[in-house]
Amino acid sequence: MRLILLGSPGAGKGTQAQYIVKRYGIVQIATGDMLRHTLEAKNDLSVAVKRAMDAGELVSDELMIAIVKARLLQSDCKAGFLLDGFPRTLAQAEALHQNDVQLDYVIEVKVDEQTILERLTGRRVHPGSGRSYHLIYHPPKNPGVDDVTGEPLIQRKDDEEQTVRRRLAVYREQTMPLVGYYQQWALRSPEDAPRYYQINGDRPVEVVRDEIISILDSKKASADHLG
Ligand code: AMP
(Lines give C-alpha, C1' and ligand atoms only; values in the text may rest on other atoms or scores of the structure.)
Protein backbone atom coordinates (compact mmCIF):
# COMPACT_ATOMS: atom_id res chain seq x y z
CA MET A 1 0.00 0.00 0.00
CA ARG A 2 1.32 3.40 -0.98
CA LEU A 3 -0.42 6.52 0.18
CA ILE A 4 -0.19 10.22 0.86
CA LEU A 5 -1.71 11.79 3.96
CA LEU A 6 -2.57 15.33 3.05
CA GLY A 7 -3.62 17.99 5.52
CA SER A 8 -2.60 21.24 7.12
CA PRO A 9 -0.01 21.35 9.89
CA GLY A 10 -1.72 20.22 13.09
CA ALA A 11 -4.46 18.27 11.31
CA GLY A 12 -3.28 15.12 13.09
CA LYS A 13 -1.51 13.45 10.17
CA GLY A 14 1.37 12.23 12.31
CA THR A 15 -0.94 10.56 14.84
CA GLN A 16 -3.03 8.89 12.15
CA ALA A 17 0.10 7.88 10.26
CA GLN A 18 1.32 5.89 13.24
CA TYR A 19 -1.86 3.80 13.34
CA ILE A 20 -1.81 3.21 9.59
CA VAL A 21 1.82 2.16 9.25
CA LYS A 22 1.47 -0.28 12.13
CA ARG A 23 -1.71 -1.86 10.77
CA TYR A 24 -0.49 -2.30 7.20
CA GLY A 25 3.21 -2.95 7.87
CA ILE A 26 4.43 -0.03 5.79
CA VAL A 27 6.94 2.74 6.53
CA GLN A 28 6.14 6.32 7.44
CA ILE A 29 8.06 8.98 5.56
CA ALA A 30 7.56 12.17 7.56
CA THR A 31 9.56 14.88 5.84
CA GLY A 32 9.27 17.34 8.75
CA ASP A 33 10.83 14.75 11.10
CA MET A 34 13.51 13.91 8.54
CA LEU A 35 14.43 17.58 8.31
CA ARG A 36 14.49 17.97 12.09
CA HIS A 37 17.01 15.11 12.27
CA THR A 38 19.27 16.76 9.70
CA LEU A 39 19.44 19.83 11.95
CA GLU A 40 21.67 17.91 14.35
CA ALA A 41 24.55 18.38 11.90
CA LYS A 42 25.65 22.00 11.95
CA ASN A 43 26.43 23.20 8.44
CA ASP A 44 25.26 25.84 5.95
CA LEU A 45 22.44 23.66 4.71
CA SER A 46 21.08 22.88 8.16
CA VAL A 47 21.20 26.57 9.09
CA ALA A 48 19.15 27.45 6.00
CA VAL A 49 16.68 24.62 6.66
CA LYS A 50 16.26 25.67 10.30
CA ARG A 51 15.65 29.27 9.29
CA ALA A 52 12.86 28.22 6.89
CA MET A 53 11.26 25.85 9.40
CA ASP A 54 11.35 28.34 12.26
CA ALA A 55 9.70 30.96 10.06
CA GLY A 56 6.97 28.54 8.93
CA GLU A 57 8.19 28.69 5.34
CA LEU A 58 8.77 25.72 3.06
CA VAL A 59 12.18 24.25 2.36
CA SER A 60 13.07 24.30 -1.36
CA ASP A 61 11.39 21.84 -3.70
CA GLU A 62 14.77 20.81 -5.05
CA LEU A 63 16.05 19.71 -1.66
CA MET A 64 12.80 18.04 -0.61
CA ILE A 65 12.46 16.11 -3.85
CA ALA A 66 16.05 14.88 -3.56
CA ILE A 67 15.50 13.76 0.04
CA VAL A 68 12.28 11.90 -0.72
CA LYS A 69 13.62 10.30 -3.91
CA ALA A 70 16.58 8.91 -1.99
CA ARG A 71 14.33 7.67 0.81
CA LEU A 72 11.95 5.89 -1.57
CA LEU A 73 14.84 3.93 -3.04
CA GLN A 74 15.56 2.27 0.29
CA SER A 75 14.51 -1.35 0.46
CA ASP A 76 12.07 -0.93 3.36
CA CYS A 77 9.78 1.08 1.05
CA LYS A 78 9.18 -1.92 -1.17
CA ALA A 79 6.39 -3.21 1.05
CA GLY A 80 4.67 0.16 0.92
CA PHE A 81 4.92 3.61 2.44
CA LEU A 82 2.95 6.51 3.78
CA LEU A 83 4.04 10.02 2.85
CA ASP A 84 3.36 12.45 5.68
CA GLY A 85 4.18 16.08 4.84
CA PHE A 86 5.11 15.43 1.21
CA PRO A 87 4.14 16.55 -1.40
CA ARG A 88 3.46 20.08 -0.22
CA THR A 89 3.63 21.87 -3.57
CA LEU A 90 2.52 21.11 -7.11
CA ALA A 91 6.18 20.77 -8.13
CA GLN A 92 6.66 18.05 -5.50
CA ALA A 93 3.52 16.22 -6.63
CA GLU A 94 4.66 16.44 -10.24
CA ALA A 95 8.07 15.04 -9.26
CA LEU A 96 6.41 11.94 -7.80
CA HIS A 97 4.45 11.48 -11.00
CA GLN A 98 7.45 12.04 -13.26
CA ASN A 99 9.48 9.54 -11.29
CA ASP A 100 6.71 6.95 -11.72
CA VAL A 101 6.00 6.67 -8.04
CA GLN A 102 2.76 4.70 -7.99
CA LEU A 103 0.23 5.78 -5.38
CA ASP A 104 -2.91 3.98 -4.28
CA TYR A 105 -4.53 6.66 -2.15
CA VAL A 106 -4.47 10.30 -1.22
CA ILE A 107 -6.27 10.85 2.07
CA GLU A 108 -6.93 14.42 3.06
CA VAL A 109 -7.48 15.09 6.76
CA LYS A 110 -9.42 18.33 6.92
CA VAL A 111 -9.59 20.59 9.99
CA ASP A 112 -10.59 24.26 10.06
CA GLU A 113 -7.94 26.90 10.67
CA GLN A 114 -9.21 28.18 14.04
CA THR A 115 -9.08 24.66 15.49
CA ILE A 116 -5.56 24.20 14.15
CA LEU A 117 -4.45 27.46 15.70
CA GLU A 118 -5.67 26.30 19.13
CA ARG A 119 -4.16 22.85 18.70
CA LEU A 120 -0.71 24.04 17.69
CA THR A 121 -0.20 27.11 19.87
CA GLY A 122 -1.19 25.05 22.95
CA ARG A 123 1.26 22.28 22.18
CA ARG A 124 4.27 21.74 24.46
CA VAL A 125 6.93 19.09 23.97
CA HIS A 126 9.60 17.35 26.00
CA PRO A 127 12.65 17.78 23.78
CA GLY A 128 14.47 14.70 25.08
CA SER A 129 11.75 12.15 24.32
CA GLY A 130 9.45 13.94 21.86
CA ARG A 131 6.53 13.45 24.29
CA SER A 132 3.85 15.92 23.43
CA TYR A 133 1.28 17.70 25.63
CA HIS A 134 -1.39 20.31 25.17
CA LEU A 135 -2.10 23.11 27.67
CA ILE A 136 -5.88 22.44 27.52
CA TYR A 137 -6.50 19.03 25.92
CA HIS A 138 -3.64 17.01 27.39
CA PRO A 139 -1.89 18.99 30.15
CA PRO A 140 1.11 17.55 32.00
CA LYS A 141 0.48 16.46 35.62
CA ASN A 142 2.56 19.39 36.84
CA PRO A 143 2.51 22.59 34.80
CA GLY A 144 5.48 23.09 32.51
CA VAL A 145 7.27 19.80 33.18
CA ASP A 146 7.38 16.33 31.61
CA ASP A 147 5.36 13.64 33.46
CA VAL A 148 8.13 11.04 33.25
CA THR A 149 11.37 12.96 33.79
CA GLY A 150 10.17 16.18 35.45
CA GLU A 151 12.26 18.09 32.91
CA PRO A 152 10.97 21.37 31.45
CA LEU A 153 8.66 21.37 28.46
CA ILE A 154 9.20 23.74 25.57
CA GLN A 155 7.13 25.31 22.85
CA ARG A 156 8.53 24.54 19.40
CA LYS A 157 9.44 27.74 17.61
CA ASP A 158 7.20 26.82 14.73
CA ASP A 159 4.26 26.43 17.15
CA GLU A 160 4.40 30.10 18.18
CA GLU A 161 1.24 31.91 17.09
CA GLN A 162 2.80 34.12 14.45
CA THR A 163 4.57 31.15 12.86
CA VAL A 164 1.47 28.96 12.98
CA ARG A 165 -0.45 31.67 11.13
CA ARG A 166 2.29 31.73 8.51
CA ARG A 167 2.32 27.93 8.20
CA LEU A 168 -1.45 27.97 7.66
CA ALA A 169 -1.16 30.64 4.97
CA VAL A 170 1.61 28.65 3.25
CA TYR A 171 -0.61 25.57 3.37
CA ARG A 172 -3.54 27.48 1.87
CA GLU A 173 -1.44 28.98 -0.90
CA GLN A 174 0.96 26.18 -1.80
CA THR A 175 -0.49 22.87 -0.63
CA MET A 176 -4.27 23.27 -1.04
CA PRO A 177 -3.90 23.27 -4.86
CA LEU A 178 -2.92 19.60 -4.53
CA VAL A 179 -6.54 18.80 -3.68
CA GLY A 180 -7.58 19.97 -7.15
CA TYR A 181 -4.54 18.33 -8.71
CA TYR A 182 -5.40 14.86 -7.40
CA GLN A 183 -9.14 15.25 -7.88
CA GLN A 184 -8.71 16.29 -11.52
CA TRP A 185 -6.25 13.51 -12.17
CA ALA A 186 -8.77 11.01 -10.79
CA LEU A 187 -11.44 12.36 -13.15
CA ARG A 188 -9.10 12.44 -16.13
CA SER A 189 -7.66 8.97 -15.80
CA PRO A 190 -9.16 6.98 -12.95
CA GLU A 191 -7.19 3.87 -13.91
CA ASP A 192 -3.80 5.26 -12.85
CA ALA A 193 -4.76 8.10 -10.47
CA PRO A 194 -4.61 7.51 -6.72
CA ARG A 195 -8.06 7.34 -5.11
CA TYR A 196 -8.88 10.53 -3.28
CA TYR A 197 -10.72 10.65 0.06
CA GLN A 198 -11.47 13.58 2.30
CA ILE A 199 -11.89 12.91 6.02
CA ASN A 200 -13.20 15.30 8.67
CA GLY A 201 -10.27 15.52 11.10
CA ASP A 202 -12.12 17.62 13.66
CA ARG A 203 -13.26 14.58 15.63
CA PRO A 204 -11.65 12.36 18.28
CA VAL A 205 -8.50 10.67 16.96
CA GLU A 206 -10.04 7.18 17.27
CA VAL A 207 -13.04 8.17 15.15
CA VAL A 208 -10.80 9.61 12.45
CA ARG A 209 -8.59 6.53 12.63
CA ASP A 210 -11.53 4.13 12.25
CA GLU A 211 -12.84 5.98 9.22
CA ILE A 212 -9.45 5.88 7.50
CA ILE A 213 -8.99 2.22 8.35
CA SER A 214 -12.43 1.30 7.07
CA ILE A 215 -11.61 2.93 3.73
CA LEU A 216 -8.22 1.28 3.46
CA ASP A 217 -9.50 -2.12 4.64
CA SER A 218 -12.37 -2.22 2.18
CA LYS A 219 -10.24 -1.11 -0.77
CA LYS A 220 -7.48 -3.48 0.22
CA ALA A 221 -9.96 -6.34 0.44
CA SER A 222 -11.32 -5.61 -3.03
CA ALA A 223 -7.79 -5.23 -4.44
CA ASP A 224 -6.77 -8.57 -2.87
CA HIS A 225 -9.88 -10.14 -4.32
CA LEU A 226 -9.16 -8.82 -7.80
CA GLY A 227 -5.46 -9.57 -7.52
P1 AMP B 1 5.96 19.26 9.49
O2 AMP B 1 6.55 18.57 10.67
O3 AMP B 1 5.46 18.30 8.44
O4 AMP B 1 4.91 20.28 9.87
O5 AMP B 1 7.15 20.07 8.79
C6 AMP B 1 7.85 21.07 9.49
C7 AMP B 1 8.52 22.02 8.52
O8 AMP B 1 9.44 21.31 7.69
C9 AMP B 1 7.60 22.73 7.54
O10 AMP B 1 6.98 23.86 8.10
C11 AMP B 1 8.57 23.08 6.43
O12 AMP B 1 9.40 24.18 6.80
C13 AMP B 1 9.46 21.85 6.39
N14 AMP B 1 8.94 20.83 5.45
C15 AMP B 1 8.50 19.58 5.76
N16 AMP B 1 8.11 18.91 4.67
C17 AMP B 1 8.30 19.75 3.62
C18 AMP B 1 8.05 19.66 2.23
N19 AMP B 1 7.53 18.56 1.67
N20 AMP B 1 8.38 20.74 1.46
C21 AMP B 1 8.90 21.86 1.99
N22 AMP B 1 9.14 22.02 3.30
C23 AMP B 1 8.83 20.99 4.13
Side-chain angles (χ1 to χ4, degrees), residues 2-18 20-21 27-41 44-72 77 81-99 101 103 106-111 113 115-127 129-132 134 154-179 181-182 194 201:
R2 299 156 156 224
L3 72 150
I4 293 174
L5 263 194
L6 194 63
S8 72
K13 297 190 298 297
T15 308
Q16 296 300 332
Q18 284 174 13
I20 298 170
V21 296
V27 290
Q28 177 182 2
I29 301 179
T31 46
D33 290 344
M34 289 168 80
L35 289 174
R36 276 185 278 277
H37 284 130
T38 68
L39 299 183
E40 283 154 21
D44 289 353
L45 182 63
S46 69
V47 169
V49 167
K50 184 169 186 330
R51 193 179 307 126
M53 291 177 79
D54 285 351
E57 302 292 341
L58 295 186
V59 173
S60 76
D61 284 333
E62 201 187 355
L63 176 66
M64 295 313 304
I65 291 167
I67 290 178
V68 171
K69 262 174 83 171
R71 181 67 187 88
L72 289 175
C77 293
F81 54 80
L82 179 156
L83 288 169
D84 164 9
F86 186 99
R88 254 177 161 98
T89 63
L90 284 171
Q92 294 178 11
E94 270 299 326
L96 287 176
H97 192 38
Q98 276 155 18
N99 284 279
V101 176
L103 295 163
V106 175
I107 299 203
E108 180 196 357
V109 182
K110 203 170 162 60
V111 178
E113 289 200 3
T115 308
I116 298 279
L117 200 65
E118 283 167 22
R119 280 189 187 177
L120 290 185
T121 55
R123 183 160 70 179
R124 297 294 180 273
V125 293
H126 174 240
S129 66
R131 266 185 293 280
S132 182
H134 190 281
I154 60 151
Q155 182 177 38
R156 265 169 49 181
K157 229 177 151 48
D158 58 353
D159 284 343
E160 290 173 10
E161 180 168 343
Q162 196 190 356
T163 315
V164 172
R165 287 190 187 279
R166 182 65 199 142
R167 290 166 72 195
L168 288 171
V170 167
Y171 182 77
R172 215 183 305 124
E173 289 157 17
Q174 307 211 47
T175 310
M176 288 266 276
L178 296 183
V179 172
Y181 172 87
Y182 285 113

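First listed ligand is number 1; within each ligand, the first listed atom is number 1.
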query = Under 4.0 Å from any heavy atom of T31, which atoms of ligand 1 are there?
reply = 15 (C), 16 (N), 17 (C), 19 (N)
ask   = At a 4.0 Å threshold, what atoms of ligand 1 neighbour a non-hydrogen atom of Q92?
value = 18 (C), 19 (N), 20 (N), 21 (C)
task = Give the atoms of ligand 1, by number and element, whose distance to some non-hydrogen atom of R36 is under 4.0 Å.
result = 2 (O), 6 (C)
message = For the backbone of G10 and the side chain of R119, can you confirm whether one donor and one acceptor N or O come within less than 3.5 Å of each other?
response = yes
ask   = Considering only the protein, which heavy-atom contact is closest to atom 4 (O) of ligand 1, and what is its distance?
value = R88 NH2, 3.2 Å
message = Within the supplied structure, the quantity of interest is the number of heavy atoms (other residues, nucleotides, ligands) at a distance under 6.0 Å from E62 CD; does it exceed 12?
response = no
inquiry  = Strictly distance-based, threshold 3.5 Å: is any side-chain N or O of S46 a donor or acceptor partner for the main-chain N or O of A41?
reply    = yes
message = With no hydrogens and no angle check, just 3.5 Å: does a side-chain donor-acceptor pair link E94 and Y181?
response = yes
message = With respect to G85, determine whether any N or O atom, backbone or side chain, lies less than 3.5 Å from an N or O atom of ligand 1.
response = yes
query = Between R167 and D159, is the closest basic N to carboxylate O distance under 4.0 Å?
reply = yes
task = With heavy atoms under 4.0 Å as the rule, classify the contact between V59 and ligand 1 as side chain, backbone, both or neither.
result = both
note = The protein heavy atom nearest to atom 13 (C) of ligand 1 is L35 CD1, 3.4 Å
ask   = Non-hydrogen atoms of K13 versus ligand 1: any pair closer than 4.0 Å?
value = no
ask   = If you count the atoms of ligand 1 from 1 in the order shown, which ones are under 4.0 Å from a heavy atom of M64?
value = 16 (N), 17 (C), 18 (C), 19 (N), 20 (N), 21 (C)
key: Nearest-0.5 Å distance, NE2 of residue H126 to CD1 of residue I154   = 9.5 Å
ask   = For ligand 1, does M53 get within less than 4.0 Å through its side chain, its backbone, both, or neither, judged by non-hydrogen atoms?
value = both
ask   = What is the minimum heavy-atom distance between L96 and Y182, and which atoms define it?
value = CD1-OH, 4.3 Å
Element-labelled atoms of ligand 1 that are located less than 4.0 Å from some non-hydrogen atom of E57 = 11 (C), 12 (O)
query = Would L178 and I4 count as a side chain to side chain contact (heavy atoms under 4.5 Å, CB included) if you check the C-alpha gap in whole Å, the side-chain angles of each, and the deciding distance to 0.1 Å?
reply = CA-CA 11 Å; L178 296 183; I4 293 174; over 6 Å; no
inquiry  = Under 4.0 Å from a heavy atom of R167: which atoms of ligand 1 are those, numbered in the order shown and with their elements?
reply    = 4 (O)
